[in-house]
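Okay, structure first, notes after.
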Amino acid sequence: MRLTRRGVWMLTLGVVSILAAYVIGRTELVYLGSLLVLLPVGALVFLRARPVRLGVDRRFTPAILSAGQVATVSVEVHNLSRSWSADVAWRDVWPWYSTQAPSGRLPSLPPGGRLFAHRGQVLRYQVTPPRRGVFEIGPLRVAVDDPFGFAVRESDVGERHTVLVVPDVVPLPDTVHVIAADDGSGRTLQRQTASGVDDLMAREYRTGDALRRVHWRASAHRGDLMVRQEEQRSHAEARILLDTRRAGHRDASVDFEPESDSLEWAVRFTASVGVHLKRCGFAVHIVETCPRQIAGLDHAQEFLASLAEVRLSDQPIADEALSFSPGVSRSFGAMFAVLADAEDDVVGRLVRAAPAFDTAVAFLVGRSNAALAPPLRAAGWVCVAVGARDGLDDVWLDAARALQAHRAGA
């Protein structure tokens with residue numbers, strides 16, 4: 001609780017009047033000063049005697065927020081006391097100091113309690129999270145004043161609500177034909193057809209086969225009854241390497257958020273490329289230089305949720321990271337490495353692993369990574385220089401052009 005400016009002036013005038021009464025000997029000033037002092041003091045007593053008892057429930061639409069995307073927050077406020085609540089000013093507490101927190105006026109609510117929660121008031125506002133992460137919104141901060149405006153009491157009502165903000169997924173141009181053009185392992189890319197017709201081949205009719213599976217065109221061509229049979233195909237593979245070692249990001253800081261601009265770009269790019277390749281039919285695997293933090297892409301929401309919580313780590317490089325051995329009959333498909341200031345050990349492992357991949361592209365984030373490109377290019381990697389503010393779709397197109405140029409030169 002505190003006095004407002006009006007209350008401070010009233011209290012000051014009261015004290016001055018009482019002092020003046022003793023100086024000039026006017027008794028009526030004592031009464032006037034006492035009244036002026038008692039008014040703001042009475043306002044404080046009034047506010048203390050009427051605590052604010054409100055319940056708060058929050059709902060987010062969508063339930064999982066995306067960085068940079070507009071979401072709606074619905075705050076349902078209901079009165080928990082047995083008397084009418086006061087008309088209060090409200091302000092929601094949130095962690096993003098770069099934008100002003102939402103605020104407004106909440107009218108007086110009828111008495112009730114939890115049994116009459118439907119009689120509450122619903123406050124709605126929109127929020128645009130500036131970055132990924134796990135954040136707490138709340139509690140709701142309400143301010144009530146006395147009828148004369150001499151004092152104000154601020155209270156925190158309700159609980160904090162945890163909200164998950166995943167990195168925004170940018171639609172990328174379709175350059176699958178460039179990535180899958182050099183599949184030396186013989187794997188093919190299984191694509192969905194717009195007409196819904198399966199990729200099939202025919203075999204001879206066997207007793208018990210359903211007539212609906214008869215392939216009439218093949219039967220007419222062969223002269224025997226043929227039925228459709230699904231062709232077994234394996235998915236083309238793609239791997240995305242994310243360097244999560246703190247030593248691999250020179251702009252990392254432990255005192256400010258986000259930890260590293262290069263890491264934030266790398267996480268956004270990993271999210272967009274992973275979802276894009278998965279939709280195109282690739283079997284996508286995520287590789288990390290530190291102990292695993294990121295979920296697989298079998299479930300896109302779990303994958304994005306894990307990316308929201310990725311942090312830089314001081315753990316040593318994982319033993320299984322980049323342990324790919326090239327073989328005659330085994331290729332690991334395409335590799336996309338997202339690096340900033342990678343350590344020599346990481347670069348060395350990438351150089352040794354290059355022959356294991358049909359396609360190897362390194363995205364070098366920032367201006368301090370010029371030393372990374374020469375050894376990677378010498379090992380067969382296609383290197384794409386990236387700025388921390390570059391658009392993801394533009395970088396993806398640059399990678400496709402560089403890959404085509406590399407193959408043309410080879």
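In what follows, residues are counted from 1 in the order of the sequence shown.
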_Residue pairs, two or more places apart or on separate chains, that pass salt bridge (charged side-chain N to carboxylate O under 4.0 Å, His left out) and touch residues 388-398_ = D398-R401
_Qualifying residues under side-chain hydrogen bond (donor to acceptor under 3.5 Å, both in side chains), relative to T289, sequence neighbours excluded_ = D243
*Please check if atom CD in E136 has more than 12 non-hydrogen atoms from other residues, nucleotides or ligands closer than 6.0 Å.*
yes
*What do the steps show when you test V52 against S85 for side-chain contact (heavy atoms from CB on, under 4.5 Å), and what is the final call?*
CA-CA 7 Å; V52 179; S85 67; over 6 Å; no
_Please check this pair: side chain of R53 against backbone of L80, looking for a donor-acceptor N/O pair closer than 3.5 Å._
yes
*Is the W96 ring parallel, tilted or perpendicular to the W94 ring (thresholds 30°, 60°)?*
perpendicular
*Are L376 and V351 close enough, and set up right, to give a side-chain contact (heavy atoms from CB on, under 4.5 Å), and what steps lead you there?*
CA-CA 6 Å; L376 291 175; V351 168; 4.2 Å; yes
_Reference residue V88; test side chain to side chain contact (heavy atoms under 4.5 Å, CB included); the match among V152, V77, V142_ = V142
*4.5 Å side-chain heavy-atom contact, V395 and W265*: yes
_Between R131 and E264, does the salt bridge (charged side-chain N to carboxylate O under 4.0 Å, His left out) criterion hold? Intermediate values first, please._
CA-CA 8 Å; R131 55 187 176 85; E264 294 306 305; over 6 Å; no
*What pair of heavy atoms forms the shortest contact from R58 to P139, and how long is it?*
NH2-C, 3.6 Å
*side-chain contact (heavy atoms from CB on, under 4.5 Å) between I24 and L29, intermediate numbers included*: CA-CA 9 Å; I24 64 178; L29 289 179; 3.4 Å; yes
*For S262 and H249, indicate whether the former's side chain and the latter's backbone hold a donor-acceptor pair under 3.5 Å.*
no
_Side-chain heavy atoms of V338 within contact of V365, under 4.5 Å_ = yes
_R153 and R50, any side-chain heavy atoms less than 4.5 Å apart_ = no
*In Å and rounded to the nearest 0.5 Å, what is the CG to CZ distance from L44 to R2?*
11.0 Å
*Distance-minimising heavy-atom pair for V75 and Y125*: CG2-CE2, 3.9 Å
*Could you tell me whether the side chain of D57 reaches within less than 4.5 Å of the side chain of H78, counting heavy atoms only?*
yes
_Nearest non-hydrogen partners of V310 and Q293, listed with the distance_ = CA-OE1, 3.6 Å
*Quick one: CZ on F357 to CZ on R239, what's the gap to the nearest 0.5 Å?*
6.0 Å
_How long is the straight-line distance from CG of D261 back to CD of E259, given to the nearest 0.5 Å?_
11.5 Å
*Residues S306, R292; criterion side-chain hydrogen bond (donor to acceptor under 3.5 Å, both in side chains); working and verdict*: CA-CA 10 Å; S306 64; R292 191 172 185 84; over 6 Å; no
*Can you tell if the side chain of L350 reaches within under 4.5 Å of the side chain of L339, non-hydrogen atoms only?*
yes
*Say whether, by atom type as modelled, one donor and one acceptor occur between the side chain of T4 and the main chain of G149 under 3.5 angstrom.*
yes
_Would you say that L39 contacts R6 through its side chain, given a criterion of any heavy-atom pair below 4.5 Å between the two side chains?_
no
*A308 and P167: which non-hydrogen atoms are nearest, and at how many Å?*
N-CD, 4.0 Å
*For residues S260 and D251, is any side-chain donor paired with an opposing acceptor at under 3.5 Å?*
yes
Pair up each side-chain donor or acceptor in residues 60-70 with any protein partner under 3.5 Å, not counting sequence neighbours, and list the distances.
none

*For G138 and R160, work out which heavy atoms get closest and say how close.*
O-CG, 3.4 Å
_Working to the nearest 0.5 angstrom, can you tell me the gap between L140 CG and R91 CZ?_
9.5 Å
*More than 12 heavy atoms from other groups under 6.0 Å of CZ on R82*: no
*asked:* When you compare the side chain of C280 with that of H276, does any pair of heavy atoms fall below 4.5 Å?
replied: yes
_Sub-4.5 Å side-chain heavy-atom contact between F303 and K278_ = no
*Is the backbone N or O of R245 less than 3.5 Å from a side-chain atom of S313, with the two atoms forming a donor-acceptor pair by type?*
no
*Reported CG-to-CD1 distance for the pair D345 and I317, which is rounded to 0.5 angstrom*: 4.0 Å
*From CZ (F336) to OG1 (T270), nearest 0.5 Å*: 11.5 Å
_Minimum heavy-atom distance L54-V157, with the two atoms named_ = O-CB, 3.9 Å
